[in-house]
Structure formats: structure tokens, C-alpha cells
Amino acid sequence: MDLFNRVSEDIKNAMKAKDKVALETLRNVKKFFIEAKTAAGANDTLTDDAALKIIQKLVKQGKDAAEIYMGQGRQDLADAELAQVKVMEAYLPKQLSAEELEAALKEIIAEVGATSGKDMGKVMGVASKKLAGLAEGRAISAKVKELLG
């Protein structure tokens with residue numbers, strides 16, 4: 001079952017379970033899926049890769065929003081955002097642990113032949129493609145800086 005159909009099925013399940021957070025979150029995700037499907041040149045199709053990118057973007061936005069709310073002392077709003085993020089993260093592939101990320105980046109650095117901070121762009125280009133969906137861009141960038149610095 002592709003991601004679009006899985007989300008649609010989970011919306012029904014959330015309705016039956018009367019899970020308001022999951023229902024609201026999944027309806028929002030489906031809205032973005034439908035927009036992507038009907039965009040110019042999409043031919044009314046949505047690949048799982050494109051769907052994953054949409055979910056990753058929404059998760060990142062949710063985390064950023066929660067961070068802002070916490071900074072403003074609005075823990076209630078931050079908790080609501082994080083609850084939605086948790087629902088969406090169930091659709092993402094398992095994230096790499098810090099150790100796994102470091103090992104993967106060391107391998108990429110050796111493969112690219114990077115030796116200093118000047119080579120960060122080369123490393124990030126390869127790492128972003130290879131680790132897409134497995135780690136956040138921010139985490140990858142910070143670890144690359146650490147390893148090359």
C-alpha cells in the first residue's frame with residue numbers, strides 16, 4: 001500500500017478511534033498530498049518518495065514551530081505541535097542514531113576525499129542525497145562541521 005492510501009486508511013481509523021490529534025494531523029498531510037498530486041505536471045500521481053519529502057517538511061515545520069512556541073513560553077501550543085509531529089514521524093523511515101550518522105558521514109568524507117572545512121559543500125551534497133529521510137539536514141550539517149573542523 002502506498003503512502004497516500006495508508007494515510008487515507010489511517011484517517012478512517014482515527015475517526016473510528018475518535019483520535020482528534022491523529023485525525024487533524026493526517027487530514028492536513030492528505031491535503032498536502034492532494035495539492036502535490038494536482039500540481040502542474042504531476043499527472044495525478046504521487047510517488048512515495050515525494051510523499052516522504054512532504055511529511056519530512058511538515059515534521060521539520062512542526063518542530064520549528066514548537067521551538068518558537070517554547071521560546072515564547074507557550075508550552076501548550078508547543079505540546080500540540082509536538083503531538084502532531086509524533087503522528088507524522090510514524091510514516092518516516094527510522095532515523096539514524098548519532099553513532100550511525102557519524103559512521104555514515106565518515107564513510108562519505110573518505111569517499112569524497114574531504115580534508116578540511118573547505119570541502120563541506122562536497123560532503124553535504126553527497127550526504128544529503130544518501131541520508132535523505134534518515135537524518136535531519138541540521139544534524140548532518142552539524143556533524144560534518146564537527147568531523148571536518
Side-chain angles (χ1 to χ4, degrees), residues 1-106 108-109 117 119-149:
M1 180 183 305
D2 68 347
L3 216 44
F4 182 84
N5 291 331
R6 194 170 138 208
V7 168
S8 298
E9 198 60 38
D10 288 346
I11 287 173
K12 290 178 203 168
N13 296 335
M15 277 188 226
K16 289 176 187 172
K18 294 185 175 32
D19 184 347
K20 287 184 180 175
V21 173
L23 181 61
E24 182 182 324
T25 304
L26 294 174
R27 280 182 171 162
N28 189 37
V29 168
K30 188 170 180 180
K31 177 188 77 137
F32 280 97
F33 283 180
I34 291 171
E35 286 173 1
K37 267 182 126 176
T38 57
N43 301 331
D44 199 36
T45 58
L46 182 70
T47 64
D48 275 356
D49 282 347
L52 271 177
K53 282 190 177 123
I54 290 169
I55 293 175
Q56 286 170 332
K57 180 180 166 194
L58 293 172
V59 165
K60 183 184 182 313
Q61 287 174 347
K63 286 180 179 177
D64 290 347
E67 213 172 277
I68 291 168
Y69 289 142
M70 281 186 228
Q72 296 174 341
R74 293 295 309 264
Q75 191 61 43
D76 56 329
L77 295 175
D79 290 343
E81 284 291 338
L82 292 173
Q84 290 186 356
V85 165
K86 190 170 183 179
V87 170
M88 289 184 280
E89 283 179 332
Y91 296 91
L92 296 176
K94 183 185 168 295
Q95 299 290 296
L96 293 176
S97 69
E99 296 79 28
E100 292 169 327
L101 176 62
E102 187 171 341
L105 287 173
K106 282 180 179 175
I108 291 169
I109 289 170
D119 299 322
M120 186 168 171
K122 284 189 228 171
V123 175
M124 284 301 295
V126 174
S128 296
K129 286 186 182 111
K130 280 192 174 181
L131 304 176
L134 301 174
E136 273 188 21
R138 236 183 287 177
I140 294 171
S141 176
K143 196 50 116 174
V144 168
K145 274 183 192 165
E146 181 187 313
L147 293 171
L148 292 178

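All values reported here derive from a predicted model rather than from experimental measurement. Sequential numbering from 1 along the given sequence is applied to the chain's residues.
Put simply, OH on Y91 and CD1 on I54 are 14.0 Å apart, with the number rounded to the nearest 0.5 Å. Once rounded to the nearest 0.5 Å, the distance linking CZ of F33 with CG of L46 reads 6.0 Å. Rounding to the nearest 0.5 angstrom, the gap separating the CD atom in E81 from the CD atom in E67 is 12.0 Å. Atom CG of D10 sits about 11.0 Å away from atom CG of N5, to the nearest 0.5 Å. For the atom pair K37 NZ and F4 CZ, the distance stands at 4.0 Å (nearest 0.5 Å). Taking CG of D79 as the reference point, atom CE of M70 lies at 7.0 Å (rounded to 0.5 Å).
With sequence neighbours left out, K31 forms a side-chain contact (heavy atoms from CB on, under 4.5 Å) with N28, E35.
When every heavy atom of L147 is checked against every heavy atom of I109, the shortest pair comes out as CB-CD1, 3.8 Å. The two residues A127 and L105 come nearest to each other via the heavy atoms CB-CD2, 3.7 Å. Across every non-hydrogen atom of L101 and A139, the tightest pair is CD2-O, 4.0 Å. Residues A66 and A78 approach most closely at O-CB, 3.6 Å, considering heavy atoms. Nearest heavy-atom pair, I108 versus V126, reported as atom, atom and distance to 0.1 Å: CG2-CG1, 3.7 Å.
Applying the side-chain contact (heavy atoms from CB on, under 4.5 Å) test between T25 and each of K20, K30, M88 identifies M88 as the sole match. Checking each of Q95, Q84, K94, K63 against E89 for a side-chain hydrogen bond (donor to acceptor under 3.5 Å, both in side chains) leaves exactly one that passes, namely K63.
Legend: side-chain hydrogen bond (donor to acceptor under 3.5 Å, both in side chains) pairs involving residues 139-149, not counting sequence neighbours, sorted by first then second residue: E102-K143, K143-E146.
A salt bridge is absent between D49 and K53; no separation between the charged side-chain nitrogens and carboxylate oxygens falls under 4.0 Å.
With D48 contributing its side chain and L3 its backbone, the two residues share a donor-acceptor pair below 3.5 Å.
For the residue pair N13 and E9, no side-chain donor N or O sits within less than 3.5 Å of a side-chain acceptor on the partner.
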